[in-house]
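Along the sequence shown, residues are numbered consecutively beginning with 1.
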Amino acid sequence: MQDGEMREVDVGGGKALLIKEDGEFSALGHKCTHYGAPLVKGVLCNGRVRCPWHGACFNAKTGDIEDFPGLDSLPKFEVTVENDNVVVKTNKKVLEKPKRMKEMSCHSPDNDTVYLIVGGGGAAIACAETLRQEGFKGKVVMATKEPHLPYDRPKLSKALDSSGEALALRDKNFFSVYDIEVLTEKEATSVDCPSKVVTFADGQTIAYDKLLIATGGKPRPCTSPGSDLQNVCLLRSPADGNYISQQGRGKNVVIVGTSFIGMEVAAYFAGKASSVSVVGVSSTPFGRVLGEQVGSILRKMHEEKGVKLYMNSGVVEFKGENGKLKEVVLQSGETIPADLCVVGIGVTPNTEFLSDSGIEMTNGALDVDKTMQTSQDHVFAAGDIAHFPLPMADGEKVSIGHWQLAKAHGRCAALNMLGQGVEFNSVPFFWTMQYGKSLRYAGHGAGFEDVVIEGSLEDMQFVAYYVKGDDVLAVASMNRDPVVAQAAEIMHSGRTLSRADAEAGSDSWKSQL
């Protein structure tokens, strides 16, 4: 094997990922613990393996997870070199388990320290698990206004008929075993930072020693007349998704909004609804994030599945009968039959309850430093509500609603709640799946001026580089794995791809890894 090489090898009726880096061998589980991607098709760089699909990263020697969206680590196998042969040893029990949970502590009865987490999403569970993985033995309390344990939120718009239980990231027993107290249907109404107390809607108060606020975003409603009619819906929870799925089957479905939530819902209903119509203010779907060229190809993909798009338009009125939606009226005067409308026009930070907290905010998002701490001592923030310094953008503060980032925020916050002084360092990585086709994206392309395309848009085998000046801000691809994962590793190392790199193509710049 060459240095820097990975191979998938047979071991006792199973498989392992054999790695050689810096002259040393290691062997780990061969599938990503997130959605099972073959890691041999990923990227090995600087002591870690990055998943080709969704960007999760694992330590190349230990298998420990180092970046998300997954939660679990990879199993590690014993490796020896005997007479120039590399021998991987394990037992069937370990081999049959594709995931490994890092060792975690529990609450010690004599430790009355309270670390409170307000929120129940990706940032919240990553924080709670990291606290226990790092040996914290005080009380860990997670308070969420939802009725569910933390669940895989990105699946909501892709699998509307899934229950909260089916989407759960961990089962009830997990939280019991590791003494993570989860309070469901527990909505925070205020935070008193000087007194270190959170008050909840039911009147209860909880005193904390350290606090993480990770309440996420809430869907932005449409304010057009008639938006209060039955079946004008927002998608935030599994209950919302289940209702939307039931009400839309065989009916006329209208979706307002042409970014990821809206278009994934459109893809879900194509072939299930009587008609699917999408209304968007831009000229192409995803235009603000992915640009006109890529957006046009994705528009064509939807139209080929029977979805009708009304672009450069908006809703002026929802019309109903007996209190229930019947039609959607557009700015052009066109009227679309509608039994169900799903509004997906963005989110706003769920932070109104913090208005008197003294925490500094920007447009409703909580300002944090490199350690995810807010302007108030002992109070941290993570996820969609965090306005944080992004290393790859030279520390410019941004607010980004990505699942992977929320978990990375949560982990970083936990380490610093424990006083470890760790600075946040992760590259934004997201994906969308529509009609069985995946688009991957790494970086932060806000303000891009040009898009350089490598490959064929028509064949949906391409790499798109989002360029500003001479710098590549972000990279997206379809059917070109692991290019986006490779680009993410270069960004993570502190380097920047140039316009010349983009124009030369990935076969040229990947030598920088």
Strictly by salt bridge (Lys or Arg N to Asp or Glu O under 4.0 Å), give each pair with a member in [range] just once, sequence neighbours left out.
{"range": "residues 315-326", "value": "none"}
{"range": "residues 298-308", "value": "Arg299-Glu303, Lys300-Glu458"}
{"range": "residues 135-144", "value": "none"}

Show me the pairs that pass ring pair (Phe, Tyr, Trp, His ring centres under 6.0 Å) and involve [range], at least two apart or across chains.
{"range": "residues 203-255", "answer": "none"}
{"range": "residues 111-142", "answer": "Tyr115-Phe136"}
{"range": "residues 145-170", "answer": "His148-Tyr151"}

At their closest point, which heavy atom of Arg50 faces which heavy atom of Glu489, and how far apart are they?
->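 Nearest heavy atoms, Arg50 then Glu489: NE-OE2, 2.8 Å.
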Give the ring-plane orientation class for Phe260 versus Phe286, where under 30° counts as parallel, over 60° as perpendicular and anything between as tilted.
->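 Answer is tilted, since the angle falls between 30° and 60°.
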Hey, what's the ring geometry for Phe430 with Tyr441, parallel, tilted or perpendicular (30° and 60° as the breaks)?
->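 Parallel.
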Test applied, ring pair (Phe, Tyr, Trp, His ring centres under 6.0 Å); reference residue, His54; option that passes from Tyr35, Phe429, Phe68 =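 Between His54 and the candidates, ring pair (Phe, Tyr, Trp, His ring centres under 6.0 Å) is satisfied uniquely by Tyr35.
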Donor-acceptor pair, distance only, cut-off 3.5 Å: does the side chain of [X] make one with the backbone of [Y]?
{"X": "Arg132", "Y": "Tyr178", "result": "yes"}
{"X": "Ser163", "Y": "Ala166", "result": "yes"}
{"X": "Gln404", "Y": "Val427", "result": "yes"}
{"X": "Thr371", "Y": "Val422", "result": "no"}
{"X": "Thr284", "Y": "Gly295", "result": "no"}

Answer yes or no: is there a side-chain heavy-atom contact under 4.5 Å between Lys41 and Asp481?
->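 Of all side-chain heavy-atom pairs linking Asp481 with Lys41, none is under 4.5 Å.
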pair Phe174-Leu169: side-chain heavy atoms closer than 4.5 Å |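 The answer is no, as the side chains (C-beta and beyond) never meet within the 4.5 Å cut-off.
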What pairs with [X] under salt bridge (Lys or Arg N to Asp or Glu O under 4.0 Å), at least two apart in sequence or on another chain?
{"X": "Asp367", "result": "none"}
{"X": "Lys218", "result": "Glu352"}
{"X": "Asp339", "result": "none"}
{"X": "Asp161", "result": "Arg249"}

Just wondering, are more than 12 heavy atoms of other shown residues or ligands nearer than 6.0 Å to CG in Asn322?
->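 At most 12 heavy atoms, drawn from other residues, nucleotides or ligands, come within 6.0 Å of this atom.
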Quick check: are there more than 12 heavy atoms from other residues, nucleotides or ligands sitting under 6.0 Å from NZ of Lys186?
->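 Check passes, neighbour count above 12.
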Side-chain donor-acceptor pairs of residues 220-228 under 3.5 Å, sequence neighbours excluded:
| unit_1 | atom_1 | unit_2 | atom_2 | d |
| --- | --- | --- | --- | --- |
| Arg220 | NH1 | Ile345 | O | 3.0 |
| Arg220 | NH2 | Val347 | O | 3.4 |
| Ser224 | OG | Val315 | O | 2.8 |
| Ser227 | OG | Cys222 | O | 3.1 |
| Ser227 | OG | Ser224 | O | 3.2 |

Of Asn252, Val279, Val329, the residue whose pairing with Ile336 passes side-chain contact (heavy atoms from CB on, under 4.5 Å) |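 Only one option passes, and that is Val279.
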Quick one: do Asn242 and Ser245 satisfy side chain to side chain donor-acceptor pair (under 3.5 Å)? Show the steps, please.
-> CA-CA 5 Å; Asn242 295 172; Ser245 176; over 6 Å; no
For Thr113 and Asp209, test the side chains for any donor-to-acceptor distance below 3.5 angstrom and give the result as yes or no.
->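 No, no side-chain donor-acceptor contact under 3.5 Å.
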Residues forming a ring-ring contact (aromatic ring centres under 6.0 Å, His included) with His30, sequence neighbours excluded =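 Partners of His30 under the ring-ring contact (aromatic ring centres under 6.0 Å, His included) test: none.
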